[in-house]
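Heads up: numbering here begins at 1 and tracks the sequence. Fair warning: this is a prediction, and the values are worked out from it, not measured in the lab.
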Amino acid sequence: MPPKAATSPTHFLCIPLASPQLARAWASFRADVTSPHSFALPEDAVRPLGTLHLTLGVMSLGQQDGGGVDRAAEVLAGLRPRELLAELRRASNENTTKAKTAAAAAAAAGGTTGEGISITLRGLRAMHAPSKTSVLYAPPTDEEGLLQRFCEGLRAPFREAGLMKEEEGRPMLLHATLINTIYVKGGSRGRGRERMMLDARDVLARYGGDDYVWAEGLAVTRIAVCRMGAKPVEGSEGDQAYEVEAEVEV
C-alpha cells in the first residue's frame, strides 16, 4: 500500500538544470534585475543557481518515517528514460527527415543525440498577470517536441504507485523558476500575510523575447527525487541546492 500522505508536500520529482551557459545567463540576469539602477528587485527573489530545475510533480512522503522516501526511490530506480524516449520517437515518426535534422541541430548546439534529449530555455514568462505576479519562469522546449510527453511518462509510475496525486484540470506546466517572491525575507511566508507581488512588465519587456537564451542544447542527464527546502551549498557564495534523495541517469 502507498504511504499515508503528509499534510503538505515534502518532496518533488524533477529534472535538475545545469550548464556553463545557464550559469552565465543567470548571473547576468541576477546582476541586472537586482541593481538599484535597473529593476531593483530583492536579491532573495532570484532563485539560486543550484535550485534551477523542471518540476514533474510533488509528493507527500512524510517527515518521520523513511518508508515513503524508500518507495519513491524504488519507483525512480524502475524508470527507463532511454526506453521511454525510444518509444516516443517511434510514435513520432511522421517526418523522419525532420527528426534527423533536429538531432543534428541538437548535436551542433552541444546537446545529446540518439537516445538522449536536450532542451533549450528562452525568454521569460509570468505565472500570473504580468502587472501583478510573484513568479517569473523560463519555458523549456526541445527540437523533437518530445519533452512534455517524456516528462508525463516519467511521472506516471509515481501516480500509479499512489505517491503523486492527480491534479484535475491542471496539465503539467514545465518551467524553470527564476523569480519567486515567496523567498523574500520578511515578505509573505507567514500565515495570513500576503505574498509580495511584482509589476513585471518592464522585466518581461527586456527578457521575455526568444532572443534571450538561458541555455541551448542543455542535455537532460538526471531525473531526481528531491526534498523540499533548498539548503546552502558549502563553500559557495550564497548558492543553494535541494537535497537529492535518489536519482537516475538519462
Check side chain to side chain contact (heavy atoms under 4.5 Å, CB included) between E247 and all other residues, then give those that pass, not counting sequence neighbours.
R222, A224, V244
Taking ILVMFWY side chains as joined if any heavy atoms are under 4.5 angstrom apart, and letting links pass through other members, which residues group with M127?
V135, Y137, L173
Side-chain heavy-atom pair L17, I119 within 4.5 angstrom cut-off:
yes
Evaluation steps, side-chain contact (heavy atoms from CB on, under 4.5 Å), between K231 and Q240:
CA-CA 5 Å; K231 306 295 183 184; Q240 296 180 23; over 6 Å; no
Which pair of heavy atoms, one from G145 and one from D142, lies closest together, and at what distance?
N-OD2, 3.0 Å
Roughly how far, to the nearest 0.5 Å, is SG of C151 from CG of L54?
6.5 Å
Can you find a pair of side-chain heavy atoms, one from R90 and one from L88, that are under 4.5 Å apart?
no
Closest approach of C226 to Y242 (non-hydrogen atoms, all atoms of both residues):
CB-CB, 3.9 Å
Spell out, yes or no, whether I179 and V184 are grouped together once hydrophobic residues are joined by side-chain heavy atoms under 4.5 Å, including indirect joins.
yes
Gap between atom CZ of R195 and atom CE of M197 - 0.5 Å precision:
7.5 Å
Side chain to side chain, P157 and L79, heavy atoms closer than 4.5 Å:
yes
Please identify each residue that fulfils side chain to side chain contact (heavy atoms under 4.5 Å, CB included) with A126, with sequence neighbours left out.
P130, T133, L136, L204
Mind listing the closest non-hydrogen atom pair of V220 and V250 along with its distance?
O-CB, 3.5 Å
For the student: nearest non-hydrogen atoms of L163 and L61, plus distance
CD2-CD2, 3.9 Å
Test item: T51 side-chain N/O and P48 main-chain N/O as donor-acceptor pair under 3.5 Å
yes
Those residues that, when tested against S19, pass side-chain hydrogen bond (donor to acceptor under 3.5 Å, both in side chains) (two or more places apart)
none
One should read off an interatomic distance between I117 CD1 and L146 CG, to the nearest 0.5 angstrom, of 5.5 Å
So do Q21 and E216 actually touch side chain to side chain, heavy atoms under 4.5 Å?
yes
Before you tell me yes or no, could you show the steps for V46 and W26 under side-chain contact (heavy atoms from CB on, under 4.5 Å), namely the whole-Å CA-CA distance, both residues' side-chain angles and the distance that decides it to 0.1 Å?
CA-CA 9 Å; V46 181; W26 172 88; 3.8 Å; yes
Over all heavy atoms of both residues, which pair between S134 and H128 is shortest? Give the atoms and the distance, please.
OG-CE1, 3.4 Å
Do M59 and K165 have side-chain heavy atoms sitting under 4.5 Å apart?
no
Determine whether D199 and S131 satisfy the following criterion, side-chain hydrogen bond (donor to acceptor under 3.5 Å, both in side chains), listing intermediate values before the conclusion.
CA-CA 4 Å; D199 182 344; S131 61; 5.7 Å; no
Assigning hydrophobic clusters by single linkage (Ile, Leu, Val, Met, Phe, Trp, Tyr; side-chain heavy-atom cutoff under 4.5 Å), is L178 placed with V233?
no
Answer yes or no: is there a donor N or O on one side and an acceptor on the other, between the side chain of T34 and the main chain of E43, under 3.5 Å?
no
Counting N and O atoms only, with roles assigned by atom type, does the side chain of Q148 sit under 3.5 Å from a partner on the main chain of L174, one being a donor and the other an acceptor?
no
When you compare the side chain of E87 with that of L85, does any pair of heavy atoms fall below 4.5 Å?
no
Take E249 and T221 through the test side-chain contact (heavy atoms from CB on, under 4.5 Å) and record every step on the way to the result.
CA-CA 6 Å; E249 294 184 354; T221 60; over 6 Å; no
Residue set satisfying salt bridge (charged side-chain N to carboxylate O under 4.0 Å, His left out) with E152, at least two apart, ordered chain then number -> none
Please tell me if the side chains of Y207 and D32 come closer than 4.5 Å, counting only heavy atoms from C-beta onward.
yes
Walk me through whether R155 and M172 qualify under side-chain contact (heavy atoms from CB on, under 4.5 Å).
CA-CA 10 Å; R155 76 174 179 180; M172 178 188 290; 3.2 Å; yes
For a 4.5 angstrom cut-off between non-hydrogen side-chain atoms, does P140 reach R122?
no
Nearest 0.5 Å, what's the CD1-CG distance between I223 and L56?
6.5 Å
For the CZ atom of R47 and the CZ atom of R30, what is their distance to the nearest 0.5 Å?
11.0 Å
G123 backbone acceptor or donor facing W214 side chain under 3.5 Å
yes
The criterion is side chain to side chain contact (heavy atoms under 4.5 Å, CB included); which residues satisfy it with T55, sequence neighbours excluded?
F12, H53, V58
Strictly below 4.0 Å, N to O, side chains only: are E144 and R89 in salt-bridge contact?
yes
Could you tell me whether R206 sits above the aromatic face of Y212, with NZ or CZ closer than 6.0 angstrom to the six-membered ring centre and within 45 degrees of the axis?
no
Rounded at 0.5 Å granularity, tell me how far CG in L22 sits from CZ in F29.
11.5 Å
What one should report as the nearest heavy-atom pair of A138 and L121 is O-CD2, 4.0 Å
